[in-house]
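Start at 1 and go down the list; that is how both ligands and their atoms are numbered. Counting from 1, the numbers follow the sequence of the chain as shown. All values below come from the heavy atoms of this structure, side chains included, with hydrogens, waters and symmetry mates left out.
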Amino acid sequence: MVARVIPVDPFELVVFGATGDLARRKILPSLFRRFLAGQVPDTAKIVGAARTDMDSAGFQTFAKDAIVEFSPLAASHEAQLAEFLKHLSYVSIDARGKSGWAELKKTLQGDCVRAFYFSVGPGLFGDLAERLHAHGIVTPKCRVVVEKPFGRDLESARVLNKGLAQYFAEDQIYRIDHYLGKETVQNLMAVRFGNLLFEPLWNAQFVDHIQITVAETVGVGGRGEYYDKSGAMRDMVQNHLMQLLCLIAMEPPSKFDPDAVRDEKLKVIRALEPVAPEDIVRGQYRAGKDGPSYAEEVNDAKSSTESFIALKAHIANWRWNGTPFYLRTGKRLRARMSEIVVVFKEPPHSIFGADAGRSANILTIRLQPDEGMTLQVTIKEPGPGGMRLIDVPLDMSFAEALGETGTEMPDAYERLIMDVIRGNQTLFMRGDEVEAAWAWTDPMIAGWDKRREVPQLYHPGTNGPEDSLMLLHRDGRRWRDLEA
Ligand code: BG6
């Protein structure tokens, strides 16, 4: 099966923070892949903007090195890479000063989609917006893309939203949560709302509980300074895990349109109950044979920031009353594995007798690695000697099922950048969603700060702290094994 490529209109894209890590690892390689797919029109301009003193040729070399390092396709597409680089230019700019803005204005002259990608810390969002406006660079067709973290609590998120709203309308603001760009995350919506099979069972009457796991094997590495001020709650739960939770739990939107989808997600967030302290487990990794402890990595022996968190959430509405949602995420765990597991209830009565065994259907949606879905069903164990039941997976690896299209799945950033150019906000967070998410997480953070709680230490390469296992054990349940 060959992937269908939808052409996009000409565009000008300005990447602020163009010499930063995100631009190097994700934005530039993603643009190159979209170029290969035919989605960078001949007249498209990609302008790097940053403080670094550099000219366009220097930026092209920087971009080339980044693409060679992070896009395996570069090696076999040298001529195309050279062509792609011709779209790139650079302006050295002072976000808080005067220099560079007139030059940027001169560079941007097309009457086409104009997107500003703020790949910078949130402290600069307001300055950039204000200067773009003051220099007459903002046009009705322009859009602004902002990265997480979108604030560190409700109050700061409100300030950011207000700052952007002075210069841009909400339908011009694209708040990235790269999890929403992942193929399987979108597949969640296709599975739920494109099939008749699941939706009638998708409620508290038939679902025992849901687990959402985003486990990583890496530690905080060089990001200690940022991470130690955030922790897993702010870094992962407030955004990525909550977005997954919304897509799993929301009501069917009336259509696949940005506001219809985001309205439904917002209702889920607003229906989340406050989480009791005993339903939250925080952990921090110890030193292991192949790496330092969290505290060593962030250079603070007394750090009480969590590198792991598990919690039990409840959604107070008719559909989910009584069905717990268990969320966990952490670094330096046993495996890199992100999945959503929907555990259905057992059949109400077994006709096969107590000895045959009983089990429940489990739908596992694997986000990474090896995107796919598995539905565990119960069948008869083959052979004579009566009726014994066993569970077998109905397995669907997307890569296998979809052939070439499956293995060539675009990176989340490729899809999201193209959605910005096309003007499709469905996979971006709306301002009210972000604020509602902080409104749910803030009291939990304030609670453990007030109680001066320290995270439990856990050994790297494990499932995280013991208490995380207990969170489910005491409800008579267990986490799915962490395995790659
Ligand atoms: C980022 C977090 O948003 O997501 C990181 O800041 C985390 O701490 C990363 O490692 C995980 O993303 P992915 O796509 O590798 O699962």
Side-chain angles (χ1 to χ4, degrees), residues 17 20-27 29-30 33 70-71 117-122 145-152 157 174-188 212-247 282-285 291 294 297-298 303 305-310 327-340 365-372 409-417 427-429 433-434 437-438 441 455 460 464 482-484:
D21 208 43
L22 186 73
R24 221 164 59 82
R25 285 172 186 275
K26 294 289 182 186
I27 303 175
S30 294
R33 283 185 54 132
F70 294 105
S71 178
Y117 197 130
F118 291 1
S119 177
V120 296
V145 185
V146 293
E147 271 291 336
K148 73 174 262 275
F150 198 80
R152 55 175 285 106
Y174 289 69
R175 296 176 194 79
I176 287 211
D177 182 314
H178 79 278
Y179 265 60
L180 290 178
K182 289 186 191 269
E183 190 69 26
T184 321
V185 175
Q186 292 164 69
N187 231 329
L188 270 177
I212 301 178
T213 297
V214 178
E216 298 183 279
T217 48
V218 292
V220 290
R223 297 168 72 225
E225 204 187 315
Y226 149 76
Y227 193 92
D228 201 41
K229 294 195 201 91
S230 303
M233 182 65 127
R234 290 189 172 97
D235 185 53
M236 298 292 287
V237 176
Q238 188 271 347
N239 35 78
H240 305 325
L241 275 85
M242 284 185 75
Q243 288 295 322
L244 299 179
L245 173 76
C246 286
L247 297 180
R282 294 165 68 235
Q284 193 185 83
Y285 58 84
Y294 175 86
E297 276 191 309
V298 302
S303 171
T305 302
E306 75 285 355
S307 61
F308 174 98
I309 187 163
L327 274 48
R328 72 176 158 169
T329 181
K331 298 202 183 285
R332 298 280 275 135
L333 296 175
R334 170 171 293 155
R336 175 173 188 258
M337 181 197 91
S338 301
E339 63 176 29
I340 299 169
I365 302 151
R366 223 173 320 121
L367 310 180
Q368 58 195 25
D370 309 326
E371 296 99 330
M409 286 195 198
D411 181 82
Y413 276 89
E414 290 177 51
R415 173 184 320 276
L416 294 175
I417 295 171
L427 300 177
F428 296 83
M429 294 181 293
E433 252 185 279
V434 179
W438 283 122
T441 52
L482 286 183
E483 55 191 6

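Of all atoms in ligand 1, listed by their number and element, those nearer than 4.0 Å to a heavy atom of R336 are 15 (O). Taking every heavy atom of Q368 and a limit of under 4.0 angstrom, the matching atoms of ligand 1 come to 13 (P), 16 (O). The contact set between ligand 1 and H240, taken as ligand atoms under 4.0 Å from a residue heavy atom, comprises 1 (C), 3 (O), 4 (O). Of all atoms in ligand 1, numbered sequentially from 1 with element shown, those under 4.0 Å from a heavy atom of H178 are 1 (C), 3 (O), 4 (O), 12 (O), 13 (P), 14 (O). Numbered from 1 in the order shown, with element, the atoms of ligand 1 that lie under 4.0 Å from a heavy atom of K182 read 13 (P), 14 (O), 16 (O). Atoms of ligand 1 found under 4.0 Å from any heavy atom of K148 (numbered from 1 in listed order, with element): 1 (C), 2 (C), 3 (O), 6 (O). Of all atoms in ligand 1, listed by their number and element, those nearer than 4.0 Å to a heavy atom of K331 are 5 (C), 7 (C), 8 (O), 10 (O). Short contacts between ligand 1 and D235, defined as distances under 4.0 Å to a heavy atom of the residue, involve ligand atoms 2 (C), 5 (C), 6 (O), 8 (O).
Side chain of Q284 to main chain of S303: a donor-acceptor pair is present (N/O by atom type, distance under 3.5 Å, no hydrogens or angles). Listed for the T217 side chain is no donor-acceptor partner under 3.5 Å among the backbone atoms of R336.
Among the atoms of Y226, none of the N or O lies under 3.5 angstrom from an N or O of ligand 1. Of the N or O atoms in S338, none lie within a sub-3.5 Å distance of an N or O in ligand 1.
Between Y285 and Y294, the two ring planes are perpendicular [angle over 60°; tilted spans 30° to 60°]. Classified by interplanar angle (parallel below 30°, tilted 30° to 60°, perpendicular above 60°), the ring pair H178/Y413 is parallel.
Checking Y227 against E297 by side-chain atom types alone, no donor-acceptor pair falls below 3.5 Å.
Between R415 and E183, at least one side-chain N (NZ, or NE/NH1/NH2) sits under 4.0 Å from a carboxylate O, which counts as a salt bridge. One finds a salt bridge joining K148 and D235 here, because a Lys/Arg side-chain nitrogen approaches an Asp/Glu carboxylate oxygen to under 4.0 Å.
Shortest contact from atom 16 (O) of ligand 1 to any protein heavy atom: Y179 OH, 2.4 Å. Distance from atom 9 (C) of ligand 1 to its nearest protein heavy atom, with residue and atom name: E216 OE2, 4.0 Å.
Scanning all heavy atoms of the two residues, the minimum distance from L482 to A215 falls at CD2-CB, 3.8 Å.
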